[in-house]
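Below: one structure, written as structure tokens.
Note that ligands are numbered from 1 as they come in the structure, with each ligand's atoms numbered from 1 the same way. Excluded from the calculations below are hydrogen atoms, water molecules and symmetry mates; all remaining heavy atoms, backbone and side chain alike, are included.
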Amino acid sequence: MRRATITLIAATLLCATGAAPQEDPDIAAILKQIKGKEDRPASEVFHNVKLLQDLSATRLLRTMDGFNRALGTSCDYCHVDDRWEADDKRPKRAAREMLVMTRGINEQLGKMTEIDESEASVQCVTCHRAHVKPAEGIR
Ligand code: HEC
Ligand code: HEC
């Protein structure tokens with residue numbers, strides 16, 4: 001159940017992204033490195049995937065592209081150059097906490113009976129709107 005929900009959230013994140021992730025040079029480089037394993041679970045292909053382990057490697061990379069778009073960042077906001085598995089940067093660790101929070105919100109949304117939309121969901125972009133701090137641009 002827990003895994004299924006996270007996969008669902010990740011799938012929802014994808015919908016918000018649109019363009020092919022191959023356009024990002026980092027993603028293109030990683031796709032080259034993992035050639036032949038793109039459709040395997042991210043947990044097998046990568047080294048330190050704790051929440052998005054059930055996504056295919058390609059879908060994990062698309063989700064990363066979605067993070068960039070949702071937050072208005074580039075990969076290095078969360079990642080150390082060429083050490084994608086490293087958890088050194090606080091924003092990467094925060095993003096994991098945000099994934100858990102987003103899952104919790106979506107579980108609550110799923111229990112609501114008085115909203116019109118049966119598939120209602122919250123994604124990173126719902127709050128962030130291309131800002132690292134959601135309140136930026138409002139104040
Ligand atoms: C907002 C923060 C954030 C941004 C921006 C981001 N990532 Fe990530 N990335 C994460 C988190 C968090 C994980 C670990 C997910 C998990 O544990 O399930 C991760 C995992 C990964 C992994 C798996 C590494 C391994 O071996 O475990 C790769 C590869 C990756 N990201 C590539 C990228 C690329 C390429 C970009 C830019 C297009 C990017 N990321 C942008 C947060 C981010
Ligand atoms: C319900 C609203 C909401 C959702 C949904 C949400 N966030 Fe956040 N996020 C916040 C708030 C609020 C902060 C704290 C901003 C601050 O420090 O002022 C934050 C902070 C962060 C930070 C830390 C920024 C920094 O450098 O301090 C990261 C990274 C982040 N969010 C990533 C994500 C990702 C990735 C998702 C989707 C999986 C997501 N968020 C979904 C509201 C949200």
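Residue contacts with ligand 1: I30 is placed with no nitrogen or oxygen under 3.5 Å of a nitrogen or oxygen of the ligand (distance criterion only). Taking distance alone, with nitrogen or oxygen atoms compared against 3.5 Å, H47 approaches ligand 1 more closely than that limit. Considering backbone and side-chain N/O of R96, one or more are found under 3.5 Å from N/O of ligand 1. Checked against a 3.5 angstrom limit, the closest N/O atoms of H128 and ligand 2 fall inside it. At least one N or O atom of N48, backbone or side chain, sits closer than 3.5 Å to an N or O atom of ligand 1. Distances between N or O atoms of S74 and those of ligand 1 include no value under 3.5 Å.
The shortest separation from a heavy atom of V125 to ligand 2 is not under 4.0 Å, leaving the residue out of contact. Ligand 2 has L71 within reach: a non-hydrogen atom of the residue lies less than 4.0 Å from it. Using a 4.0 Å cutoff on heavy atoms, M101 counts as a contact of ligand 2.
Each of the following atoms of ligand 1 lies closer than 4.0 Å to a heavy atom of I27: 35 (C), 38 (C). Within the listing of ligand 2, atoms 24 (C), 25 (C), 26 (O) sit less than 4.0 angstrom from a heavy atom of V132. Counting the atoms of ligand 2 from 1 in the order shown, those under 4.0 Å from a heavy atom of V122 are 5 (C). When each atom of ligand 2 is checked for a heavy atom of Y77 under 4.0 Å away, the hits are 24 (C), 25 (C), 26 (O). Near Q123, meaning under 4.0 Å from one of its heavy atoms, ligand 2 places the atoms 5 (C). Atoms of ligand 2 lying under 4.0 Å from any heavy atom of P134, numbered from 1 in the order shown and given with element: 10 (C), 11 (C), 12 (C), 13 (C), 15 (C), 42 (C). Residue-ligand proximity, L51 to ligand 1, at heavy-atom distances under 4.0 Å covers atoms 16 (C), 17 (O), 18 (O). Near A95, the atoms of ligand 1 lying under 4.0 angstrom from a non-hydrogen atom of the residue are 1 (C), 2 (C), 12 (C). Each of the atoms 1 (C) of ligand 2 lies under 4.0 Å from some heavy atom of I105. Taking every heavy atom of T73 and a limit of under 4.0 angstrom, the matching atoms of ligand 1 come to 5 (C). Set against the non-hydrogen atoms of T102, the atoms of ligand 2 under 4.0 Å away are 5 (C), 37 (C), 38 (C), 41 (C).
Counting heavy atoms from C-beta on, the side chains of V45 and L60 never come closer than 4.5 Å. Using a 4.5 Å cut-off on side-chain heavy atoms (C-beta onward), K92 and N48 make contact. Residues C75 and D24 form a side-chain contact, since some pair of their non-hydrogen atoms from C-beta on lies under 4.5 Å apart. Put simply, the side chain of M101 reaches to within 4.5 Å of the side chain of M98, judged on heavy atoms.
The protein non-hydrogen atom at the shortest distance from atom 16 (C) of ligand 1 is K50 N, 3.3 Å. Nearest protein neighbour of atom 38 (C) of ligand 1, counting heavy atoms only, is C75 SG, 2.6 Å. When hydrogens are left out, the protein atom nearest atom 19 (C) of ligand 1 is M64 CE, 3.3 Å; that is the closest non-hydrogen contact. What sits closest to atom 32 (C) of ligand 1 on the protein, heavy atoms only, is W84 CE3, 3.4 Å. Distance from atom 1 (C) of ligand 1 to its nearest protein heavy atom, with residue and atom name: C78 SG, 2.7 Å. At the shortest separation from atom 5 (C) of ligand 1 among protein heavy atoms lies N68 OD1, 3.3 Å.
A salt bridge is absent between D87 and R93; no separation between the charged side-chain nitrogens and carboxylate oxygens falls under 4.0 Å.
Around atom CD of E117, more than 12 heavy atoms belonging to other residues, nucleotides or ligands sit under 6.0 Å away.
When R93, K89, K92 are checked for heavy-atom proximity to atom 12 (C) of ligand 1, K92 turns out nearest. Closest to atom 22 (C) of ligand 1 by heavy atom, among D65, D24, D76, L60, is L60.
H79 lies close to atom 8 (Fe) of ligand 1, since one of its N, O or S atoms is found at a distance under 2.8 Å.
Using a 4.0 Å cut-off between heavy atoms, T126 makes no contact with ligand 2 at all. With a heavy-atom cut-off of 4.0 Å, R90 touches ligand 2 through its side chain alone. Looking at C124 against ligand 2, both its backbone and its side chain come within 4.0 Å, counting heavy atoms.
Looking at every heavy atom in both residues, S121 comes nearest to L109 through CA-CD1, 3.7 Å.
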